[in-house]
Structure formats: C-alpha cells, structure tokens
Amino acid sequence: MKKLHSWNLSYAQARQLQVRLAGRVQFTPLKSRPTVVAGLDCAFTKDGRRIFAGVVVLRLPDFEILETSGASRKVTFPYIPGLLSFREAPVCIAAVKKLRRWPEMFMVDGQGIAHPRRLGLAAHLGLFFAKPTIGCAKSRLTGAYEEPPLEKGSFTLLEDKRGVESNMQSETIGAVVRTRTNVKPVFVSVGNKCTLDDAIEITLACATRYRLPEPTRLAHQLVGKLKLSL
DNA sequence: GCGACAG
DNA sequence: ATCTTGTCGC
C-alpha cells in the first residue's frame with residue numbers, strides 16, 4: 001500500500017492532484033488471469049454522517065470467499081461529481097489494510113479512468129494499491145456510447161469526444177458491458193495496471209445471474225450488513 | 001447561461 | 001448514497 005498524498009485538500013487542489021496522478025496510471029496487460037480478486041464498495045448511514053467500506057476477497061473461477069474486512073469513519077468530504085475518491089477512498093484504504101492476504105486484483109464500484117480528469121475512484125485507489133484495478137460503475141459519469149446489444153457478454157465502447165467540428169476525434173475511456181441479458185449494462189474502465197480488454201474480460205468472468213459482477217455485488221452486500229451492525 | 005453529473 | 005416489500009415479467 002502506498003501513501004501518495006494527504007486527503008485534506010480544497011476542491012481546487014483535489015482537481016489539480018487528479019490531473020497529476022492520472023499520468024501515473026499504467027495500462028500494462030495482465031500477465032495471467034488473476035485468481036484472487038477483491039471487490040470494494042461503500043455505504044452510508046441514513047443521516048449521511050458516517051461512511052463504511054467493505055472488501056470481499058474471492059477466488060476465481062468458483063467465487064469462493066477467502067476473506068472479508070470492513071472499516072468506517074465520519075464523513076469529511078461532500079459528494080461532488082468528479083471528486084468521489086476524496087470522499088470514499090480513505091475508508092476503502094483502511095478496510096483493505098486490514099486484509100491478511102493481498103489480492104491479485106481489485107474491482108471497485110465506481111469509475112476507473114472514465115472520468116473528466118481520468119482519475120475516478122478506482123483509478124485513484126489503483127495507484128495506492130499499486131495492483132491491477134478495474135472500475136465497474138452502475139452509471140455513466142462522462143463519455144458517449146451506443147447502447148450495447150441485449151445479450152449478456154456484448155459491449156460497446158465509452159468514448160470521450162474532443163475537438164471542434166471538423167477536427168472531431170474520440171478517445172476510448174471505457175466500455176459499456178452487458179453482464180446479464182436484458183438488464184441495464186455496467187460501465188467498465190481501467191483502474192490501474194491492466195488494459196480495457198483485461199477489465200472487460202474479468203468483469204464478464206465474474207458475471208453470474210446478477211447485474212453486478214460477484215466481487216462488487218458481494219462487497220455491496222457485506223457493507224450493507226456492516227452498516228446495520230454498528 | 002443551461003444541462004450533466006460515479007456514489 | 002438513502003427512504004423501502006412485494007410483485008410482474010423475461
């Protein structure tokens with residue numbers, strides 16, 4: 001686990017930091033299909049004053065749960081589109097630090113580089129973890145896309161349009177993946193140390209009968225319970 | 001100025 | 001994110 005910077009920043013400083021850190025995200029292909037994958041998600045108390053993070057470590061391809069951990073804190077940063085990591089990353093890091101076994105890969109509920117400044121929650125965490133990380137969000141933050149076919153396994157690319165009129169170009173920042181037939185797709189993007197193809201492949205390898213892939217689905221389930229027990 | 005906007 | 005159970009449909 002790396003300690004890259006302080007979390008006590010102004011909104012302007014946070015945005016500047018994102019641009020700087022985005023340049024450190026690596027798109028190196030996975031050497032082999034990971035066997036130990038961790039899912040990460042957060043939840044809040046109804047009054048919105050406390051945040052919880054839950055981590056579930058799974059073994060692929062059977063999805064056996066190897067370990068789980070959680071952490072909680074007082075909320076110190078508001079929800080601002082584009083600055084989500086400054087609200088959720090600290091607790092996520094605390095929860096991951098409690099793991100006895102270090103996962104080969106992380107799947108986070110949020111965007112990877114499919115972000116205005118290319119540093120969504122999953123990419124930010126991926127730099128702290130210094131491990132392959134993928135962002136698997138339930139909705140779009142930025143980027144344009146065509147609706148993917150309705151069959152499970154199909155996907156389209158998420159692109160960021162840039163330029164003016166005649167000089168239109170687009171940059172691929174993620175993929176819109178159908179993890180279940182006839183169900184709303186998920187938004188997949190690189191978090192760190194993997195390619196978009198790797199991210200899509202792992203997401204589909206973790207897709208069962210639900211919309212959310214197992215790591216993220218189980219983490220969401222876990223953090224929901226943690227919230228009630230405290 | 002207006003609309004969009006992860007969790 | 002959160003307030004919330006059963007129910008209709010593929």
Side-chain angles (χ1 to χ4, degrees), chain A residues 7 11 14-15 18 21-22 25 39-55 70-93 95 106-127 133-145 149-154 158-162 173-192 196 199 203 207-213 215-217 219-228 230:
Chain A
W7 292 100
Y11 303 153
R15 292 189 181 91
Q18 291 181 319
L21 294 179
V25 173
L40 206 45
D41 189 31
C42 291
F44 298 78
T45 47
K46 40 192 172 184
D47 63 14
R49 302 206 302 170
R50 183 162 281 272
I51 181 174
F52 295 80
V55 191
S72 97
R73 311 228 149 152
K74 280 185 181 176
V75 170
T76 60
F77 204 93
Y79 169 66
I80 296 173
L83 296 182
L84 183 66
S85 62
F86 295 89
R87 177 176 169 83
E88 305 193 344
V91 222
C92 291
I93 290 171
F106 290 88
M107 182 180 283
V108 182
D109 187 326
Q111 314 290 347
I113 63 160
H115 174 281
R117 291 169 292 283
R118 306 290 180 269
L119 199 83
L121 174 62
H124 204 155
L125 285 173
L127 290 177
T133 303
I134 79 183
C136 188
K138 299 182 294 300
S139 63
R140 185 199 76 100
L141 170 59
T142 190
Y145 65 96
L150 302 78
E151 297 72 43
K152 173 179 180 176
S154 53
L158 217 210
E159 327 226 28
D160 187 20
K161 310 293 187 188
R162 324 205 105 183
I173 56 177
V176 185
V177 184
R178 195 75 71 178
T179 49
R180 180 179 176 176
T181 299
N182 287 333
V183 171
K184 189 183 197 293
V186 294
F187 297 74
V188 178
S189 57
V190 171
N192 194 18
L196 176 57
T203 295
T208 58
R209 83 185 77 165
Y210 304 96
R211 173 160 89 117
L212 299 184
T216 293
R217 189 182 75 80
H220 185 276
Q221 196 174 290
L222 170 67
V223 78
K225 294 174 185 172
L226 289 178
K227 179 180 61 172
L228 296 178
L230 286 176

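In this text, all values refer to a predicted model and were calculated from it rather than measured experimentally. Quick note on labels: first sequence line is chain A, next is B, and so on, each numbered from 1.
Looking at heavy atoms from C-beta onward, A:L125 lies in side-chain contact with A:I93 at the 4.5 angstrom threshold. You'll find the side chain of A:V55 stays beyond 4.5 Å of the side chain of A:C92, heavy atoms only. Counting only heavy atoms from C-beta outward, the side chains of A:I113 and A:L119 never approach each other to under 4.5 Å. Residues A:V190 and A:I134 form no side-chain contact, since every pair of their non-hydrogen atoms from C-beta on lies 4.5 Å or further apart. At least one side-chain heavy atom of A:C136 sits under 4.5 Å from a side-chain heavy atom of A:V186.
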Identify each donor-acceptor pair in which a side-chain atom of residues 71-88 of chain A lies under 3.5 Å from a protein atom, sequence neighbours left out, and give them as a table.
residue : atom : partner : partner atom : Å
A:S72   : OG   : A:R50   : NH1          : 2.7
A:S85   : OG   : A:H124  : ND1          : 2.8
A:R87   : NH1  : A:F77   : O            : 2.7

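A:R211 places a side-chain N or O within donor-acceptor distance of the main-chain N or O of A:P185, the cut-off being under 3.5 Å. Here the side chain of A:T181 pairs no donor or acceptor atom with the backbone of A:E151 at under 3.5 angstrom.
Residues passing the side-chain hydrogen bond (donor to acceptor under 3.5 Å, both in side chains) test with A:N182: none are found, sequence neighbours excluded. With sequence neighbours left out, the salt bridge (Lys or Arg N to Asp or Glu O under 4.0 Å) criterion links A:R209 to no other residue. Taking A:L226 as the reference, A:F52, A:L222 meet the side-chain contact (heavy atoms from CB on, under 4.5 Å) condition, with sequence neighbours excluded. Applying the side-chain hydrogen bond (donor to acceptor under 3.5 Å, both in side chains) rule to A:R118 yields the partners A:D160, A:E171; only residues at least two apart in sequence or on another chain are considered.
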Sequence-aligned protein contact record of nucleotides 1-7 of chain B, with B where the base is within under 4.0 Å of a protein heavy atom and S where only the sugar-phosphate is: ---SBBB
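For the strand DNA chain C, secondary-structure stems (runs of at least three Watson-Crick or G-U pairs, all distances below 3.5 Å) are absent.
On the nucleic acid side, DNA chain C contacts chain A at distances under 4.0 Å to non-hydrogen atoms, with the end points of that region at C:dA1 to C:dC10.
Residue A:L212 holds its CG atom at 7.0 Å from OG1 of A:T179, rounded to the nearest 0.5 Å.
Across residues 47-55 of chain A, not one residue has a non-hydrogen atom less than 4.0 Å from an atom of DNA chain B.
Evaluation of the side-chain hydrogen bond (donor to acceptor under 3.5 Å, both in side chains) test over residues 133-145 of chain A, restricted to residues two or more places apart or in two chains, returns A:D109-A:K138. Applying the salt bridge (Lys or Arg N to Asp or Glu O under 4.0 Å) test to pairs two or more places apart or on separate chains, those with a residue in residues 174-188 of chain A are A:E147-A:R178.
For A:R180 and A:K227, each mapped to the nucleotide of DNA chain C holding its nearest heavy atom, the one lying further toward the 5' end belongs to A:K227.
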Give the dot-bracket line for DNA chain B from 5' end to 3' end: parentheses for intra-strand Watson-Crick or G-U pairs under 3.5 Å, square brackets for crossings, | for inter-strand pairing, dots for unpaired. .......
